[in-house]
Amino acid sequence: MPAARESLLDAAYAALARRPWSAVRMVDVAAAAGVSRQTLYNEFGSKDGLARALVRREADGYLAGVDRALTGHSDLRDRLTATAEWITSAARENTLVRAMLTGCWSERLPSPALSAVPSASAVPAQRRADGPLPSPGDFVALVRDRAVTVLAGPGIPKSDTADLARSCELAVRLALSCVAAPPGEGGVAGLVHSVLQGEAG
């Protein structure tokens, strides 16, 4: 029931924008999605299951945006700059993404455990959501590794791959620092270009 699942996740996200997660009621989420409360429980099992699925969906959306940023330009610096800009804009616009990237979960947000939870769900997407969720450090590694995969040419020497991985991780960590303390003039793009210029020099 993918369409109902997405509608329920959309309704949960919209409810979270209006009130703290502790005040979000399952019956209201179901009503907003136009399905029965039983359908909601069949999909997610519990409110915690709904929270895990919502966090997993936002994490997947964030990583899909990273992939788009990495393939949107031809120049390496432009790709890493676009990725850094995506990281900061996604964190600015989505409180769940910001919490996932920084590890700072406010009392308004659901804060599911990052470790896997037992799952007997018949829904494959829920079994995946019940698996381990990425930590802030995991996100750094995921984005760095995706960037290296996209940016490394075939037959690139191992030493060059290590340098590329270092540059990619530096760009990601720089973007994350801009999430915590927004940059001034030149923005994240100016910072990333300056750092990568220094790396190349």
Side-chain angles (χ1 to χ4, degrees), residues 2-3 5-24 28-29 32-33 44 47-73 77-114 125 128-129 133-147 150 168-196:
R5 186 177 180 86
E6 282 304 306
S7 295
L8 286 162
L9 290 171
D10 288 343
Y13 187 84
L16 183 58
R18 294 188 303 273
R19 63 183 68 93
W21 184 251
S22 60
V24 172
D28 296 334
V29 171
F44 303 104
K47 188 174 180 182
D48 186 59
L50 175 61
R52 291 185 73 82
L54 183 59
V55 168
R56 171 66 68 188
R57 183 182 76 163
E58 299 310 305
D60 290 346
Y62 164 75
L63 291 171
V66 166
D67 291 340
R68 286 190 302 274
L70 284 168
T71 57
H73 301 275
R77 285 191 192 119
D78 290 342
R79 287 178 178 198
L80 288 178
T81 298
T83 302
E85 289 178 321
W86 164 252
I87 291 168
T88 56
S89 69
R92 184 174 52 249
E93 296 166 11
N94 187 318
T95 57
L96 284 175
V97 169
R98 183 181 181 90
M100 284 185 279
L101 296 181
T102 62
C104 298
W105 295 85
S106 78
E107 65 280 352
R108 287 191 53 83
L109 300 176
S111 55
L114 297 179
R128 181 169 177 267
L133 298 171
S135 70
D138 293 334
F139 277 112
V140 170
L142 285 166
V143 174
R144 178 201 62 217
D145 294 347
R146 285 170 187 249
V150 169
C168 292
E169 182 162 339
L170 200 56
V172 171
R173 290 188 180 278
L174 184 60
L176 290 174
S177 74
C178 292
V179 168
E185 191 176 326
V188 69
L191 289 173
V192 171
H193 272 285
S194 296
V195 167
L196 292 178

A.B. asks: Might you point out which heavy atoms bring Thr88 and Ala175 nearest each other, and give the distance in Å?
C.D. replies: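 Shortest heavy-atom separation between Thr88 and Ala175 comes out as CG2-O, 3.3 Å.
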A.B. asks: Quick one: does any side-chain atom of Arg52 pair with a main-chain N or O of Ala113 as donor and acceptor, under 3.5 Å?
C.D. replies: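 Pair found, side chain donor or acceptor close to backbone of Ala113.
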A.B. asks: Can you check side chain to side chain contact (heavy atoms under 4.5 Å, CB included) on Val55 and Trp105, steps first, answer last?
C.D. replies: CA-CA 12 Å; Val55 168; Trp105 295 85; 4.0 Å; yes
A.B. asks: So which of Val97, Val188, Thr102 actually passes side chain to side chain contact (heavy atoms under 4.5 Å, CB included) with Val179?
C.D. replies: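 Among Val97, Val188, Thr102, the one that satisfies the side chain to side chain contact (heavy atoms under 4.5 Å, CB included) with Val179 is Thr102.
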A.B. asks: Take Val66 and Phe139, measure what side chain to side chain contact (heavy atoms under 4.5 Å, CB included) needs, and give me the verdict at the end.
C.D. replies: CA-CA 11 Å; Val66 166; Phe139 277 112; over 6 Å; no
A.B. asks: Drop me the distance from Leu109's CG to Met100's CE, to the nearest 0.5 angstrom.
C.D. replies: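 Answer for the CG-CE pair, Leu109 versus Met100, is 10.0 Å.
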A.B. asks: Nearest 0.5 Å, please: how far is CZ in Arg92 from CD in Glu85?
C.D. replies: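 CZ of Arg92 is found 9.5 Å from CD of Glu85.
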A.B. asks: Has Arg173 got more than 12 heavy atoms of other residues, nucleotides or ligands less than 6.0 Å from its CZ?
C.D. replies: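 12 or below, so no.
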A.B. asks: After noting the C-alpha distance and the side-chain angles of Leu96 and Leu16, does the key distance pass the side chain to side chain contact (heavy atoms under 4.5 Å, CB included) rule?
C.D. replies: CA-CA 10 Å; Leu96 284 175; Leu16 183 58; 4.1 Å; yes
A.B. asks: Would you compute the distance between atom OG1 of Thr83 and atom CZ of Arg144 and round it to the nearest 0.5 angstrom?
C.D. replies: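 Taking OG1 in Thr83 and CZ in Arg144, the distance rounds to 14.0 Å.
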A.B. asks: With no hydrogens and no angle check, is any side-chain donor or acceptor of Ser111 less than 3.5 Å from a backbone partner on Glu107?
C.D. replies: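 Such a contact is absent between Ser111 side chain and Glu107 backbone.
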A.B. asks: Compare every heavy atom of Pro136 with every heavy atom of Gly103, then report the nearest pair and how far apart it is.
C.D. replies: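 For Gly103 and Pro136, the tightest heavy-atom pair comes out as N-CG, 3.5 Å.
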A.B. asks: Is there a donor-acceptor pair under 3.5 Å between the side chain of Asp60 and the backbone N or O of Arg57?
C.D. replies: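 No; zero donor-acceptor contacts below 3.5 Å.
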A.B. asks: Scan side-chain atoms only and decide if Thr81 and Asp78 contain a donor-acceptor pair under the 3.5 Å cut-off.
C.D. replies: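 Distance-only check fails for Thr81 and Asp78.
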A.B. asks: Indicate yes or no: at least one non-hydrogen side-chain atom of Leu133 is less than 4.5 angstrom from one of Pro112.
C.D. replies: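 Side chain of Leu133 against side chain of Pro112, heavy atoms only: contact under 4.5 Å found.
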A.B. asks: Got a donor-acceptor contact below 3.5 angstrom from the Arg56 side chain to the Ala129 backbone?
C.D. replies: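 Answer holds: no.
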A.B. asks: How far does CG of Leu70 sit from CZ of Arg146, to the nearest 0.5 angstrom?
C.D. replies: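 Answer for the CG-CZ pair, Leu70 versus Arg146, is 9.0 Å.
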A.B. asks: State, to 0.1 Å, how close Pro110 and Ala51 come at their nearest heavy-atom pair, and which atoms those are.
C.D. replies: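 The answer is CB-CB, 3.6 Å.
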A.B. asks: Roughly how far, to the nearest 0.5 Å, is CG of Asp138 from CG of Leu101?
C.D. replies: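 That separation rounds to 11.5 Å.
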A.B. asks: Just how far is it from atom NZ of Lys47 to atom CG of Leu54, taken to the nearest 0.5 Å?
C.D. replies: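 If we round to the nearest 0.5 Å, Lys47:NZ and Leu54:CG are 11.5 Å apart.
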A.B. asks: Kindly determine whether Val143 and Leu63 satisfy side chain to side chain contact (heavy atoms under 4.5 Å, CB included), including the steps that lead there.
C.D. replies: CA-CA 7 Å; Val143 174; Leu63 291 171; 4.2 Å; yes
A.B. asks: Parallel, tilted or perpendicular: which describes the rings of Trp86 and Tyr62, with under 30° parallel and over 60° perpendicular?
C.D. replies: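 Correct class here is parallel.
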